[in-house]
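Worksheet: one structure, shown below.
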Protein chains: 2
Amino acid sequence: MKKAEATRLDILRKAFELIYVKGYQNTSIDDILARTQVTKGAFYYHFKNKDEMGIAIINELLKPSLANAFIEPFREAQDPVEAIYRMMHHLLMENAFMKVEHGCPASNLTQEMAPWHAGFSEVLGELTGQWEKVMIKCIEQGKKAGHIRAGVNARQVTLFVMSGYWGIRNFGKLENSKSVYRTYLKELRAYLLSLR
Amino acid sequence: MKKAEATRLDILRKAFELIYVKGYQNTSIDDILARTQVTKGAFYYHFKNKDEMGIAIINELLKPSLANAFIEPFREAQDPVEAIYRMMHHLLMENAFMKVEHGCPASNLTQEMAPWHAGFSEVLGELTGQWEKVMIKCIEQGKKAGHIRAGVNARQVTLFVMSGYWGIRNFGKLENSKSVYRTYLKELRAYLLSLR
DNA sequence: GTAAAAAAATACCCGGTAGTATCTTTTTAA
DNA sequence: TTAAAAAGATACTACCGGGTATTTTTTTAC
């Protein structure tokens, strides 16, 4: 039971790449088969149907690798201003996983699937939920440590920052250039400093 | 040449409603025919194909009505802080045109079409372009009038605000509740005041 | 080494969807 | 009033996409 696991993973990975670029609905099973050199029989041996594969991609690929990018930066962070800025900078400018022209895979999927597939929304909601939680915690600690004003509302700030991220990803896609990211980051910095 | 115009408009309007709720790709021509009580012959008399209809919807329905919501608030506005906040409040809380659970039609379409249809991106880009322009202008005037600090960068602020809007629309869809809008608006207010 | 189970290959089906071809009705302009 | 053009109706086609049924090959356990 080793080769089987390998092909399964291969399907997930290559399917993810296609979906990231073309969108979920616009990626056909046949596309995936062509890309993976796997036959239909093999595909349906590993997955009950397309949606099951989609959920597997989120759970087994997206969650782990994004959890790393979204959540890790807050481990042992002291100053929320720095932590949030660094995380965002990393997400937008350094993360090799995501390309400007294709946006953020989590955001893409949420947007695409939310209206008509509860299962997807649920798993994706967990992802943003985690992100929100760890960021709020960081801000609260920052308040206690005096890095930012006591009057700051952690949940509000978190939602505000998260919204900005999703939005700027959209602009990146539209303009297909990182220059909007740079502009955004400058103002994010100014905003975060206003929390001091 | 009167009735014809009416059916054309009827198709555009009803198709828009369907697309707003179900997404573009997930709305079939047959869906539109069922809804409008128009036959295929009539449909293809008015539109060369589905995409041409899509573009027409953006140009003839979306642009005018959104231009109104996005741009009108800035006419004869003095204080950018108030103008931006009011516009956002109106967009999120009062605008009857848009429903929380379905997000912002312009944002939805951009997200859905950007990866694979340049034509759509282009027209949608014009919309955001207009928005950006008028908002920048308002901020610049506000700086001169002393409503906000001279050090504020108008383009940065505009992009920051626009991103927030697109992002919070996404959250609204996910949570299907206006409460996130309220939270967002509170922090937006705080942010805008920091520009003074 | 062999039988049983796992993994993969092949061929097919069925429903949905965009688009066409052709015919019929309705408007319009003279 | 009537001929021509506009608008609309009907019946198809061709294709694509997800999914199934069945057979063949490969692994695994004994």
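Within every chain, numbering begins at 1; the chains are lettered A, B, ... in the order of the sequence lines, protein sequences first and strands thereafter.
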Let me check something: any side-chain donor-acceptor pairs from residues 86-100 of chain A under 3.5 Å, sequence neighbours excluded? List them with distances.
{"residue": "His89(A)", "atom": "ND1", "partner": "Glu94(A)", "partner atom": "OE2", "Å": "2.5"}
{"residue": "Asn95(A)", "atom": "OD1", "partner": "Phe97(A)", "partner atom": "N", "Å": "2.7"}
{"residue": "Asn95(A)", "atom": "OD1", "partner": "Met98(A)", "partner atom": "N", "Å": "3.4"}

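- Under the 3.5 Å distance criterion, with hydrogens and angles disregarded, no donor-acceptor pair is assigned to the side chains of Tyr191(B) and Gln156(A).
- At dA8(C), one or more side-chain N or O atoms of Thr7(A) fall inside 4.0 Å of OP1 or OP2 (strictly under the cut-off).
- dA8(C) atom P lies 11 Å from atom CG of Asp10(A), rounded to whole Å.
- By the 6.0 Å and 45° rule, Lys133(B) does not stack over the aromatic ring of Phe74(B).
- Few gaps surround NZ on Lys14(A); more than 12 heavy atoms of other groups in view lie less than 6.0 Å from it.
- Atom CE of Met53(A) is separated from atom C1' of dG17(D) by 13 Å (rounded to the nearest Å).
- Toward the 5′ end of DNA chain D lies the nearest nucleotide of His46(B), the other residue of the pair His46(B) and Tyr24(A) mapping further downstream.
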Show each protein N/O and nucleotides 13-15 of chain D N/O combination with a separation under 3.5 Å, one pair to a line.
none

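- Separating the CZ atom of Phe43(B) from the P atom of dA6(D) is a distance of 20 Å, rounded to the nearest angstrom.
- Among the atoms of the strands shown, base atoms are found under 4.0 Å from some heavy atom of Thr39(A).
- Taking atom CD1 of residue Ile19(A) and atom P of nucleotide dG17(D), one finds them 14 Å apart after rounding to whole Å.
- Salt-bridge annotation for Glu187(B) and Arg182(B): absent, with no side-chain N of the basic residue lying under 4.0 Å from a carboxylate O of the acidic one.
- Residues that satisfy the salt bridge (Lys or Arg N to Asp or Glu O under 4.0 Å) test with Arg149(A), not counting sequence neighbours, are absent from this structure.
- Counting to the nearest Å, the P atom of dG18(D) and the CG atom of Asn26(B) are 13 Å from each other.
- When rounded to the nearest whole Å, the span between CD of Gln37(A) and C1' of dA9(C) equals 13 Å.
- Taking atom CD on Glu5(A) and atom C1' on dT26(D), their separation rounds to 17 Å, with Å as the unit.
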List, with names and distances, any nitrogen or oxygen atoms from the protein found under 3.5 Å away from nitrogen or oxygen atoms belonging to nucleotides 19-23 of chain D.
{"residue": "dG19(D)", "atom": "OP2", "partner": "Tyr44(A)", "partner atom": "OH", "Å": "3.4"}
{"residue": "dG19(D)", "atom": "OP2", "partner": "Lys50(A)", "partner atom": "N", "Å": "3.1"}
{"residue": "dG19(D)", "atom": "N7", "partner": "Lys40(A)", "partner atom": "NZ", "Å": "3.4"}
{"residue": "dG19(D)", "atom": "O6", "partner": "Lys40(A)", "partner atom": "NZ", "Å": "2.7"}

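- Applying the salt bridge (Lys or Arg N to Asp or Glu O under 4.0 Å) test to Glu72(B) and every residue at least two apart in sequence or in another chain returns Arg75(B).
- Taking atom CD of residue Gln25(A) and atom C1' of nucleotide dG18(D), one finds them 13 Å apart after rounding to whole Å.
- Lys63(A) is linked by a side-chain contact (heavy atoms from CB on, under 4.5 Å) to Asn59(A), Val123(A), Glu126(A), Leu127(A), counting only residues two or more places apart in sequence or in another chain.
- Under the 3.5 Å distance criterion, with hydrogens and angles disregarded, a donor-acceptor pair is assigned to the side chains of Asp31(A) and Ser28(A).
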